[in-house]
Amino acid sequence: MHSLLAREKKEEEAGFGIGLGLSPGFLPQAATMFSCVGCFWVLLSSALVAVCSFSFISPAWIVKDQLRNNNNNNHQHNQHHQHHHNNKDSVSFGLLWHCSESLDHMYRCYTFGGLGKFAEIPSSSWQTSAVLCSGGCALLAVSSLLAIITIFLPSGGCERRICTLAGYMQMAAVFIMAAGLLVYPFGLNSSLVRSFCGDSDIYYAGECQIGWGYMLAIVGVMLTVFLPFFAKYAPKEQLSPTPLPTLL
């Protein structure tokens, strides 16, 4: 009796779906139209593209603390020497920009040698870092675009292949950008940095210190490490689904 009622109920549900013009497998497919992991992967990828791009164009990778150097200069007995250092108190360097405070207390930023003069970046290490960081950021942007495309694709082999490709691109972007960040401190021994930061050397900033732009780039690269793992579980239908808590 119970089996007969269950069978009649299934027939009524099937007839209701056919009456609306829906295929029998429509409801299960609608439930997998969007993947929670996939949506989170897309949002995180887009956010990290913005973070990395903003940090790489910022001029605050190496900064000179104005207050600290003013206190140091107060202990100097030579007034002319003190005035010479005060003019250099507020200064910062980035990959492509350097900023300094002018005599009218205005903070002005300039590109190294002007736009289009890549060879005039003061250190070959900074040139290498600029190429690696910009290349890694561009690769991350392309992978983010692929991640957005997978949202609108139906579940299947094509979606899985694009997610796999984007994951490999994001993994490559991590190594490329990390290499750029490691190479950048080698340029601290250049004559331009020494003229502002004193006795600076490789991985030693002298009178200067690490700025927020460099720290933001490090945080962005560290978070990018997680993107390839999310890319693996981003497809809507998994061949061997794994619960989300076991991934983290």
Counting only N and O atoms by type, is there a donor-acceptor contact under 3.5 Å from the side chain of Ser200 to the main-chain atoms of Ala205? no
Under 4.5 Å between side-chain heavy atoms, counting indirect links through other Ile/Leu/Val/Met/Phe/Trp/Tyr residues: same cluster for Val51 and Ile218 or not? no
List in chain and number order the residues that pass salt bridge (charged side-chain N to carboxylate O under 4.0 Å, His left out) with Arg194, two or more places apart in sequence or in another chain; answer none if no residue qualifies. Asp199
For Ser92 and Val63, work out which heavy atoms get closest and say how close. CB-CG1, 3.6 Å
Please set out all donor-acceptor pairs under 3.5 angstrom arising from side-chain atoms of residues 172-179, sequence neighbours excluded.
none

State, to 0.1 Å, how close Cys133 and Leu95 come at their nearest heavy-atom pair, and which atoms those are. CB-CD1, 3.9 Å
Identify, with sequence neighbours excluded, every residue that meets side chain to side chain contact (heavy atoms under 4.5 Å, CB included) alongside Ile210. Ile62, Tyr214, Met215
On a heavy-atom basis, which atom in Glu159 and which in Ala234 lie closest, and how many Å separate them? OE2-O, 4.3 Å
Between Ser123 and Gly187, which heavy-atom pair has the shortest distance, and what is it? OG-CA, 3.3 Å
Applying side chain to side chain contact (heavy atoms under 4.5 Å, CB included) to Asp201 and Phe186, what does each step give before you reach the verdict? CA-CA 8 Å; Asp201 204 349; Phe186 283 86; over 6 Å; no
Qualifying residues under ring-ring contact (aromatic ring centres under 6.0 Å, His included), relative to Phe226, sequence neighbours excluded: none
Does Tyr168 have any side chain to side chain contact (heavy atoms under 4.5 Å, CB included) partners at least two apart in sequence or in another chain, and if so, which? Thr164
Are the side chain of Lys64 and the backbone of Phe196 linked by a donor-acceptor contact shorter than 3.5 Å? yes
Which residues pass the disulfide (SG to SG under 2.5 Å) test with Cys137, not counting sequence neighbours? none
Report the distance from atom CZ of Phe230 to atom SG of Cys39, rounding to the nearest 0.5 Å. 13.0 Å
Using atom types as modelled, flag every donor-acceptor pair under 3.5 Å from a side chain in residues 41-49 to any protein atom, sequence neighbours excluded.
unit_1	atom_1	unit_2	atom_2	d
Trp41	NE1	Gln170	OE1	3.2
Trp41	NE1	Leu227	O	3.4
Ser45	OG	Trp41	O	2.7
Ser45	OG	Gln170	NE2	3.2
Ser46	OG	Val42	O	3.0
Ser46	OG	Ser144	OG	3.4

All pairs passing side chain to side chain donor-acceptor pair (under 3.5 Å) where residues 173-192 contributes a residue, at least two apart: none
Kindly state each residue pair satisfying disulfide (SG to SG under 2.5 Å) with at least one member in residues 138-207, sequence neighbours excluded. Cys197-Cys208
Is it true that Leu181 and Leu216 fall in one hydrophobic cluster, defined by side-chain heavy atoms closer than 4.5 Å? no
Identify whether Phe56 and Val219 are in the same connected component of the hydrophobic contact network (ILVMFWY, side-chain heavy atoms under 4.5 Å). yes
For Thr224 and Gly220, the nearest pair of non-hydrogen atoms, with its separation, is OG1-O, 2.6 Å
For Phe54, all residues meeting ring-ring contact (aromatic ring centres under 6.0 Å, His included), sequence neighbours excluded: Trp212
State whether the number of non-hydrogen atoms from other residues, nucleotides or ligands found under 6.0 Å of Tyr203 atom OH is greater than 12. yes
What's the separation between atom CD1 in Ile162 and atom CG in Leu145, rounded to the nearest 0.5 Å? 10.0 Å
Working for side chain to side chain contact (heavy atoms under 4.5 Å, CB included), residues Leu165 and Leu146: CA-CA 8 Å; Leu165 175 62; Leu146 292 177; 4.0 Å; yes
Do Met171 and Val142 sit in the same hydrophobic cluster, where Ile, Leu, Val, Met, Phe, Trp and Tyr count as joined when their side-chain heavy atoms come under 4.5 Å apart? no
